[in-house]
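Just so it is clear: chains get the letters A, B, ... in the order the sequence lines come, proteins before strands, and each one is counted from 1.
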There are 2 protein chains.
Amino acid sequence: MKLTVSRLYKYRDTLIRFRQIGMVRVFSDDLAEDMNTSATQVRKDFSLFGISGNKKGGYQIHRLIIQLDRLLGKDKTHFVIIVGAGNLGKALMNYGGFEEEGFKVVAVFDNDPRKISRKGKIPVLPVQGLERFIKARELDLGIIAVPYFAAQEVAGRMTAAGIKGILNFAPVSLKVPGDCFVSNINVQLELETVSYFAKIMKENKKHSQQKKAL
Amino acid sequence: MKLTVSRLYKYRDTLIRFRQIGMVRVFSDDLAEDMNTSATQVRKDFSLFGISGNKKGGYQIHRLIIQLDRLLGKDKTHFVIIVGAGNLGKALMNYGGFEEEGFKVVAVFDNDPRKISRKGKIPVLPVQGLERFIKARELDLGIIAVPYFAAQEVAGRMTAAGIKGILNFAPVSLKVPGDCFVSNINVQLELETVSYFAKIMKENKKHSQQKKAL
DNA sequence: TAGATTGTTAATCGATTAACAATC
DNA sequence: TAGATTGTTAATCGATTAACAATC
């Protein structure tokens, strides 16, 4: 399910690019090609979410985007808080891409008094007020950008206050209640994984060269 | 396979934390609990990579770390280049975590002459010299931190010059030869996915409350 | 020894892919 | 109409989990 949903967001992305260059309709095959997947996968994903096209004429891009927008909640603004105003937290706070895509960072929290500031476009507040803030605004989404040893505590406080979705940048596996969804981004780990498979690729090459030499 | 490998890196992480607090041996169960997985999964992963413990006494942490280090290439320094010196590229360049974990960013490339600088600890070079640099140093690993419309071109040049593993931050699906491994990080997409499931979580709650009310 | 733990084989689960009927 | 494309059902694949024999 998670994979299907994230593909739906990607289809939407692709469709918006297609629309920008003047396209009006697409076939499942066009989407598949752009996204390195199969036409069957595309149709399967759509069918799972009740999206249908025309037996011959494919899908109307504009209409499809509207359907996906509603399905994926892209027709609303989503409010987010970030906990942690270190390098990463600040980078995320200043990243313009969120706003463009319908996310509004309403506040950042930190436990370092020197980082607190109510002046900027996005306030940086003391983490003590976290729960109160979340409850008062009925927020659902939180981003964790604190060191690994603080992440579980932050997650616990977030969920206790009603957060239902967490994007976690700390390299630990968070324990959260069943009514909260967590997604992890671990840059370090991704780079490690890439380096592992890069090594494999090199070794394979060597082997096939050895084979050739025989 | 990818999933297993990335779990191995996580086991290593956990083991290092365990060792720091003075632990000497672990059972598959301890690792599983810390990582939110099952003991069977842990043993299966190990067995897949020929790692074995003691029928009764579990695994020796120190020895296990050494084995994982060799298996995962953590016993060597890996050299990396970054293409794109925008916000993200700069953040990655200044991120200390890589060096700690055995990755050394040897250069950053950009096509904006104003960003070029050979003075800093890590030089920022004109992207024209990319292929030459990769070939001269026989580099395997590249990070793509350029806008989406430039990513495919960069990937093509990287792979043509011999790069075997790419960590891609651009929100597009890269087409690369079969002897190059790509891993994608798409912060925007992850946040979208989280927001989708957060909504589901809220709706489920509403439903169960409705049920209760009956 | 009895109990606990590993390592592996078999079963299950979920996701992707193949096949194909429906139809524009 | 014939050919192309969708939507769905069945088959396959890969990963996780359950079961359990081996053994410390």
Side-chain angles (χ1 to χ4, degrees), chain A residues 1-11 14-15 18 23-65 67-68 71 173 178 181-184 189 193 196-197 200, chain B residues 1-11 14-15 18 23-65 67-68 71 173 181 183-184 189 193 196-197 200:
Chain A
M1 202 71 245
K2 190 193 167 185
L3 291 173
T4 303
V5 168
S6 91
R7 276 195 303 269
L8 290 178
Y9 281 101
K10 289 191 211 167
Y11 296 138
T14 301
L15 288 163
F18 283 177
M23 288 172 67
V24 172
R25 357 185 87 261
V26 269
F27 302 125
S28 52
D29 206 34
D30 303 323
L31 280 168
E33 202 200 330
D34 188 85
M35 275 180 51
N36 264 352
T37 181
S38 67
T40 302
Q41 179 77 273
V42 174
R43 296 200 300 275
K44 181 83 184 187
D45 289 340
F46 285 174
S47 121
L48 242 34
F49 281 78
I51 291 175
S52 59
N54 305 104
K55 286 276 155 150
K56 181 69 185 298
Y59 305 81
Q60 273 190 37
I61 292 179
H62 191 70
R63 193 176 116 81
L64 187 47
I65 291 173
Q67 286 178 294
L68 287 170
L71 220 46
S173 183
F181 180 88
V182 178
S183 192
N184 299 291
L189 178 63
T193 309
Y196 179 86
F197 286 102
I200 304 272
Chain B
M1 203 71 244
K2 192 195 164 181
L3 290 173
T4 303
V5 168
S6 90
R7 276 196 303 269
L8 290 178
Y9 281 101
K10 289 190 210 167
Y11 296 139
T14 301
L15 288 164
F18 283 178
M23 288 172 65
V24 172
R25 352 185 91 261
V26 269
F27 300 126
S28 52
D29 207 35
D30 303 323
L31 279 169
E33 202 199 331
D34 187 86
M35 275 180 51
N36 265 351
T37 181
S38 68
T40 303
Q41 178 77 271
V42 174
R43 296 199 299 274
K44 181 83 184 188
D45 287 341
F46 286 173
S47 120
L48 242 33
F49 281 78
I51 290 175
S52 60
N54 305 105
K55 287 276 155 149
K56 182 72 187 299
Y59 305 81
Q60 276 190 37
I61 292 179
H62 191 71
R63 193 176 117 82
L64 187 47
I65 291 173
Q67 286 179 293
L68 287 171
L71 219 47
S173 183
F181 180 88
S183 192
N184 298 290
L189 178 63
T193 309
Y196 180 86
F197 287 102
I200 304 272

- prompt: Rounded to whole angstrom units, what separation is found between the CD atom of B:Glu33 and the C1' atom of C:dT5?
  reply: 16 Å

task: Identify the heavy atoms of A:Lys2 and A:Phe181 that sit nearest to each other, and give their distance.
output: CD-CZ, 3.9 Å

task: Under the side chain to side chain contact (heavy atoms under 4.5 Å, CB included) rule, what do A:Thr4 and A:Phe49 come out as? Steps first, then yes or no, please.
output: CA-CA 10 Å; A:Thr4 303; A:Phe49 281 78; 3.6 Å; yes

Show which side-chain atoms of residues 26-34 of chain B pair as donor or acceptor with protein atoms under 3.5 Å away, not counting sequence neighbours.
{"unit_1": "B:Ser28", "atom_1": "OG", "unit_2": "B:Arg43", "atom_2": "NH1", "d": "3.0"}
{"unit_1": "B:Asp30", "atom_1": "OD2", "unit_2": "B:Phe27", "atom_2": "N", "d": "2.8"}
{"unit_1": "B:Asp34", "atom_1": "OD1", "unit_2": "B:Arg17", "atom_2": "NH1", "d": "3.4"}
{"unit_1": "B:Asp34", "atom_1": "OD2", "unit_2": "B:Thr14", "atom_2": "OG1", "d": "3.2"}
{"unit_1": "B:Asp34", "atom_1": "OD2", "unit_2": "B:Arg17", "atom_2": "NH2", "d": "3.1"}

Heavy-atom pair with the smallest gap, counting every atom of A:Tyr9 and B:Leu189: CB-CD1, 3.4 Å

- prompt: Is there a side-chain contact between B:Met35 and B:Gln41 (heavy atoms, below 4.5 Å)?
  reply: no

query: Between OG1 of A:Thr37 and NZ of A:Lys10, what distance do you get to the nearest 0.5 Å?
result: 9.0 Å

message: Using every non-hydrogen atom in the two residues, find where B:Ile61 and B:Leu15 come nearest and quote the distance to one decimal.
response: CG2-O, 3.7 Å

- line: Taking every heavy atom of A:Asp45 against every heavy atom of A:Tyr11, the minimum-distance pair comes out as OD2-OH, 2.6 Å

task: With sequence neighbours left out, write down each residue that passes ring pair (Phe, Tyr, Trp, His ring centres under 6.0 Å) with B:Tyr59, or none if nothing qualifies.
output: B:Phe46

message: Measuring from atom CZ of A:Arg63 to atom CD1 of A:Ile51, what distance do you get when rounded to the nearest 0.5 angstrom?
response: 9.0 Å

message: Within this structure, what is the CZ-NZ distance for the pair B:Arg7 and B:Lys44, rounded to the nearest 0.5 Å?
response: 11.0 Å

- prompt: Where along nucleotides 10-19 of chain C does protein come under 4.0 Å, by heavy atom, of base (B) or sugar-phosphate alone (S), with - for untouched nucleotides?
  reply: -----SSSB-

statement: Within residues 24-31 of chain A, those residues having any heavy atom closer than 4.0 Å to DNA chain D are A:Phe27, A:Ser28

Residues in contact with DNA chain C, drawn from residues 47-63 of chain A - heavy-atom cutoff 4.0 Å: A:Lys55, A:Lys56

- prompt: Which dot-bracket string describes DNA chain C (Watson-Crick N1-N3 plus N6-O4 or O6-N4, or G-U N1-O2 and O6-N3, all under 3.5 Å; [ ] crossing; | other strand)?
  reply: ..||||||||||||||||||||||

